Amino acid sequence: NKQREIIYGQRKNVLDGANLQKEISSFISSVISDTVNAAFGENKRLDQEAYRTMLASLEGFYFPKYAVKLTEEEAAQASAEELIERFTAKAMETYAAKEAEIARVKESNPGFPDMRELERVVMLRVVDEYWMEHIDAMQDLRQGIRLQAYAQSNPVDAYKRESLHMFEEMVSAIQEETIRRLYSVHVKSDQEVKRERVASNITEGRSDGTVKKQPRRVQ
């Protein structure tokens, strides 16, 4: 019930037309930070292979290829904090360029949504999709706990702990997927985008009784 209150509170803000610009910027920073920190792990510096692998996961999506130029020596000496700062700045520049592109389309098509509205539509859709998947996963968890013996553990407490972990994973996944879709969005100038239409699709579960596993982030 607490999780439902959080999600539906968030949905209500979006449907009421809240400005999500600060939240989206925070999502971008969080995704970049998580990616870099995961690449470093317990290390203070990255070797060339690890650096190239990390950069490949960001280039061409969050910012153009070669937008961040570091020599092998510079990359070897860069700390996680320095790389996060560089990558985040470039990601923000790329997002600003996407917003400018949307604004140009809107100039010639007054009925076309601006970036703030696209953010609300995309986030609403992602929240609804992941929330329905989370409900399915919670049902599966509940059944699994009934079938397993938890030594020295109250099944209710075990359910609460695991469900909290799943909820936190879902929140992180929502942030990452929202950003992914916004960076890759390509809306035709004559395409209708409405929050209400997206919102009308939400349900509390799946009518066919199937269970769809919630996507898990790879740390």
Side-chain angles (χ1 to χ4, degrees), residues 10 20-102 115 118-119 121-134 136-137 140-141 161-187 212-219:
Q10 188 176 46
L20 303 179
Q21 188 172 17
K22 289 184 178 180
E23 284 83 351
I24 296 301
S25 295
S26 177
F27 292 175
I28 294 172
S29 297
S30 179
V31 170
I32 298 293
S33 179
D34 288 348
T35 301
V36 174
N37 285 326
F40 272 78
E42 300 297 325
N43 302 315
K44 292 185 178 181
R45 296 290 185 269
L46 292 179
D47 59 31
Q48 279 301 306
E49 182 178 355
Y51 175 76
R52 292 194 189 99
T53 300
M54 176 194 62
L55 188 60
S57 70
L58 300 172
E59 276 189 326
F61 192 81
Y62 295 105
F63 46 82
K65 199 168 184 179
Y66 307 122
V68 177
K69 297 179 180 179
L70 293 176
T71 65
E72 290 189 3
E73 184 178 352
E74 289 172 335
Q77 294 300 318
S79 66
E81 292 74 17
E82 291 169 340
L83 292 179
I84 288 171
E85 184 177 353
R86 280 176 175 265
F87 294 155
T88 300
K90 289 299 180 182
M92 293 297 185
E93 288 179 12
T94 304
Y95 195 73
K98 171 72 69 174
E99 183 171 348
E101 177 187 348
I102 297 298
M115 197 63 176
L118 284 176
E119 289 169 349
V121 170
V122 170
M123 186 168 178
L124 183 64
R125 183 169 296 165
V126 173
V127 167
D128 285 356
E129 290 175 6
Y130 277 65
W131 174 244
M132 287 187 286
E133 292 169 353
H134 180 68
D136 290 342
D140 195 36
L141 172 64
R161 285 194 302 272
E162 182 60 23
S163 65
L164 175 60
H165 176 65
M166 291 166 58
F167 183 74
E168 290 173 342
E169 284 192 329
M170 180 196 68
V171 170
S172 294
I174 284 174
Q175 294 180 4
E176 188 169 349
E177 181 65 11
T178 297
I179 295 304
R180 189 191 69 79
R181 295 190 190 186
L182 284 170
Y183 270 97
S184 59
V185 68
H186 293 287
V187 185
K212 184 178 180 181
K213 296 294 184 182
Q214 179 179 343
R216 297 300 181 91
R217 300 186 68 205
V218 178
Q219 299 297 333

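Count residues from 1 along the sequence. In this text the structure is predicted, and so the values were computed from the model without any measurement. Both backbone and side-chain heavy atoms feed into the values below; hydrogens, waters and symmetry mates do not.
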Hey, does the side chain of D47 reach the backbone of A50 with a donor-acceptor pair shorter than 3.5 angstrom?
yes

Atom of I84, atom of T88 and distance for their closest heavy-atom approach
O-OG1, 2.7 Å

With a 4.5 Å limit on heavy-atom distance, are the side chains of F167 and H134 in contact?
yes

By ring pair (Phe, Tyr, Trp, His ring centres under 6.0 Å) - contacts of F27 (at least two apart):
none

Applying side chain to side chain donor-acceptor pair (under 3.5 Å), name anything that partners E99, two or more places apart in sequence or on another chain.
R116

Tell me which pairs pass salt bridge (Lys or Arg N to Asp or Glu O under 4.0 Å) where either residue lies in residues 81-96, with sequence neighbours left out.
K90-E93

Acceptor/donor pairs from residues 53-66 side chains to any protein atom, 3.5 angstrom cut, sequence neighbours excluded:
residue	atom	partner	partner atom	Å
T53	OG1	E49	O	2.9
S57	OG	M54	O	2.6
E59	OE2	Y66	N	2.9

Non-hydrogen side-chain atoms of Q10 and M123 separated by less than 4.5 Å
yes

Mind checking whether S30 and E176 have side chains closer than 4.5 Å, heavy atoms only?
no

Side chains of K98 and L182, heavy atoms from C-beta outward: is any pair under 4.5 Å?
no

For the atom pair OG (S25) and NZ (K22), what is the distance rounded to the nearest 0.5 Å?
9.5 Å

Gap between atom CD of E119 and atom CD1 of I179 - 0.5 Å precision
8.0 Å

NZ (K69) and CD (E74) are apart, to the nearest 0.5 Å, by 12.0 Å

Looking at every heavy atom in both R45 and A76, which two are closest together, and how far apart are they?
CD-O, 3.2 Å

Is the shortest side-chain N to carboxylate O distance from R181 to E177 below 4.0 Å?
yes

Separation of D34 CG from Q175 CD (nearest 0.5 Å)
8.5 Å

Closest non-hydrogen atoms of I28 and A91, given as atom of the first, atom of the second and distance, are CG2-CB, 3.9 Å

Shortest non-hydrogen separation from I174 to V126 and the atoms involved:
O-CG1, 3.8 Å

Would you please name every residue forming a side chain to side chain donor-acceptor pair (under 3.5 Å) with Y51, sequence neighbours left out?
none

Is the closest side-chain heavy-atom distance between Y95 and I24 below 4.5 Å?
yes

Which heavy atom in A173 sits nearest to a heavy atom in Y130, and how many Å separate them?
CB-CE2, 3.4 Å

Between the CD atom in Q48 and the CD atom in E73, the distance rounded to the nearest 0.5 Å is 10.5 Å

Applying side chain to side chain donor-acceptor pair (under 3.5 Å), can you list everything that pairs with S33, at least two apart in sequence or on another chain?
N37

